[in-house]
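Let me begin by presenting the structure, written as structure tokens, before commenting on it.
In this chain, numbering begins with 1 at the start of the sequence shown.
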Amino acid sequence: MNSKVKFTVARISITLLFLIVTMLQILSFPGQITHMRDKNSWGLVFEISLLILVVSWMLTAQIALVNIWKIISHMEKETFFTTSCIALINNLLKCFAGAITIPISMFALLAPQADDPGFFVLLTAVTLFISTLYILVRLLRDQLVQKVQ
């Protein structure tokens with residue numbers, strides 16, 4: 001596969017991920033929270049807190065995807081080994097760090113209401129996945145900084 005096709009596939013993948021995250025943010029999660037409220041009689045403050053956490057998580061994902069798009073542009077232009085690319089990777093790391101704190105906050109918010117461990121297993125898996133991505137990107141950034149200096 002030539003490099004133009006690889007970059008096109010990467011951009012299509014990022015675009016689809018961005019669209020799915022946006023769809024979840026606008027359509028799925030607000031409806032799910034409303035359904036959960038109707039079923040469990042949650043208070044308004046609890047519902048708003050959960051909605052803010054979920055929307056923040058989705059926004060963090062969108063910002064991370066935009067940074068990944070820009071990093072791929074640097075790769076395509078063969079300007080990956082530059083300080084501007086390091087800045088984008090630093091922004092990506094900030095997104096991952098923020099994204100790690102949100103499921104932990106959701107766990108703390110939802111644990112008192114729990115009647116099924118499945119959701120918490122999912123939150124744990126997502127937190128570990130994002131943590132692994134953070135560590136991997138951090139290692140890559142450290143290698144990139146060494147190469148640029």
Side-chain angles (χ1 to χ4, degrees), residues 1-34 36 42 45-114 116-149:
M1 191 183 311
N2 68 22
S3 65
K4 182 148 181 84
V5 172
K6 289 178 187 177
F7 288 114
T8 302
V9 169
R11 285 202 170 95
I12 289 170
S13 176
I14 291 168
T15 301
L16 291 174
L17 274 171
F18 190 90
L19 290 173
I20 288 172
V21 167
T22 303
M23 181 200 67
L24 288 171
Q25 185 179 29
I26 294 171
L27 302 175
S28 183
F29 283 115
Q32 177 65 28
I33 290 171
T34 301
M36 290 164 61
W42 289 353
V45 172
F46 181 80
E47 180 183 341
I48 290 171
S49 300
L50 186 58
L51 187 60
I52 288 170
L53 282 173
V54 169
V55 168
S56 298
W57 207 11
M58 297 297 110
L59 184 61
T60 302
Q62 290 168 326
I63 293 168
L65 288 168
V66 168
N67 277 289
I68 292 170
W69 182 282
K70 290 178 180 181
I71 291 167
I72 288 172
S73 294
H74 276 283
M75 290 175 178
E76 188 175 31
K77 294 175 189 172
E78 297 182 3
T79 58
F80 182 72
F81 298 103
T82 61
T83 55
S84 62
C85 194
I86 292 172
L88 290 171
I89 292 173
N90 285 335
N91 289 340
L92 185 60
L93 285 169
K94 289 175 189 173
C95 289
F96 286 156
I100 291 167
T101 62
I102 292 170
I104 293 169
S105 301
M106 290 175 71
F107 190 91
L109 184 65
L110 294 173
Q113 308 285 330
D116 179 19
F119 182 71
F120 298 105
V121 171
L122 178 65
L123 276 180
T124 302
V126 168
T127 304
L128 288 172
F129 179 73
I130 296 169
S131 299
T132 303
L133 287 175
Y134 175 85
I135 293 166
L136 174 66
V137 172
R138 181 68 189 246
L139 290 170
L140 289 172
R141 185 194 67 96
D142 292 346
Q143 292 293 315
L144 182 61
V145 166
Q146 286 179 359
K147 181 86 171 175
V148 170
Q149 290 178 351

Can you tell me how far CD1 of Ile89 sits from CG of Asn67, rounded to the nearest 0.5 angstrom?
9.5 Å

Evaluate the side-chain proximity of Met106 to Trp57: yes if any heavy-atom separation is below 4.5 Å, no if none is.
yes

If I take atom CD1 from residue Ile100 and atom CZ from residue Phe129, how far apart are they, to the nearest 0.5 angstrom?
11.5 Å

Determine, stepwise, if the pair Phe107 / Thr127 fulfils side chain to side chain contact (heavy atoms under 4.5 Å, CB included).
CA-CA 10 Å; Phe107 190 91; Thr127 304; over 6 Å; no

Under a 4.0 Å N-O cut-off, is there an ion pair linking Glu76 with Arg11?
yes

To the nearest 0.5 Å, what is the distance between CG (Leu93) and CG (Leu140)?
9.5 Å

Please report the closest heavy-atom contact between Cys95 and Thr60, naming both atoms and the distance.
O-CG2, 3.1 Å

Does some side-chain heavy atom of Leu24 sit less than 4.5 Å from a side-chain heavy atom of Ile20?
yes

With rounding to the nearest 0.5 angstrom, report the CG to CD1 distance, Leu19 to Ile14.
12.0 Å

Any side-chain heavy atom of Val66 sitting closer than 4.5 Å to one from Phe18?
yes

Thr124 vs Val121 side-chain heavy atoms within contact, under 4.5 Å
no

Out of curiosity, Arg141 CZ to Tyr134 OH, how far, rounded to the nearest 0.5 Å?
8.0 Å

Those residues that, when tested against Thr79, pass side-chain hydrogen bond (donor to acceptor under 3.5 Å, both in side chains) (two or more places apart)
His74

Main-chain N/O of Val9 paired with Ser13 side-chain donor or acceptor, under 3.5 Å:
no

Considering non-hydrogen atoms only, spot the tightest contact between Ala10 and Ile72 and give its length.
CB-CD1, 3.7 Å

Is the closest side-chain heavy-atom distance between Ile71 and Met75 below 4.5 Å?
yes

pair Val148-Thr82: side-chain heavy atoms closer than 4.5 Å
no

Closest non-hydrogen atom pair between Leu123 and Pro103, with its separation:
CD2-CB, 3.7 Å

Output the distance between atom CD1 (Ile135) and atom CZ (Phe96), rounded to the nearest 0.5 Å.
11.5 Å

So, do Phe81 and Ile86 sit near enough that their side-chain heavy atoms are less than 4.5 Å apart?
no

Would you please name every residue forming a side-chain hydrogen bond (donor to acceptor under 3.5 Å, both in side chains) with Gln62, sequence neighbours left out?
Thr22, Gln25

Nearest heavy-atom contact between Gly98 and Thr101 is O-OG1, 2.7 Å

Over all heavy atoms of both residues, which pair between Leu53 and Ile102 is shortest? Give the atoms and the distance, please.
O-CG2, 3.4 Å

Test side chain to side chain contact (heavy atoms under 4.5 Å, CB included) on Asp142 and Arg138; report intermediate values, then the result.
CA-CA 6 Å; Asp142 292 346; Arg138 181 68 189 246; 3.8 Å; yes

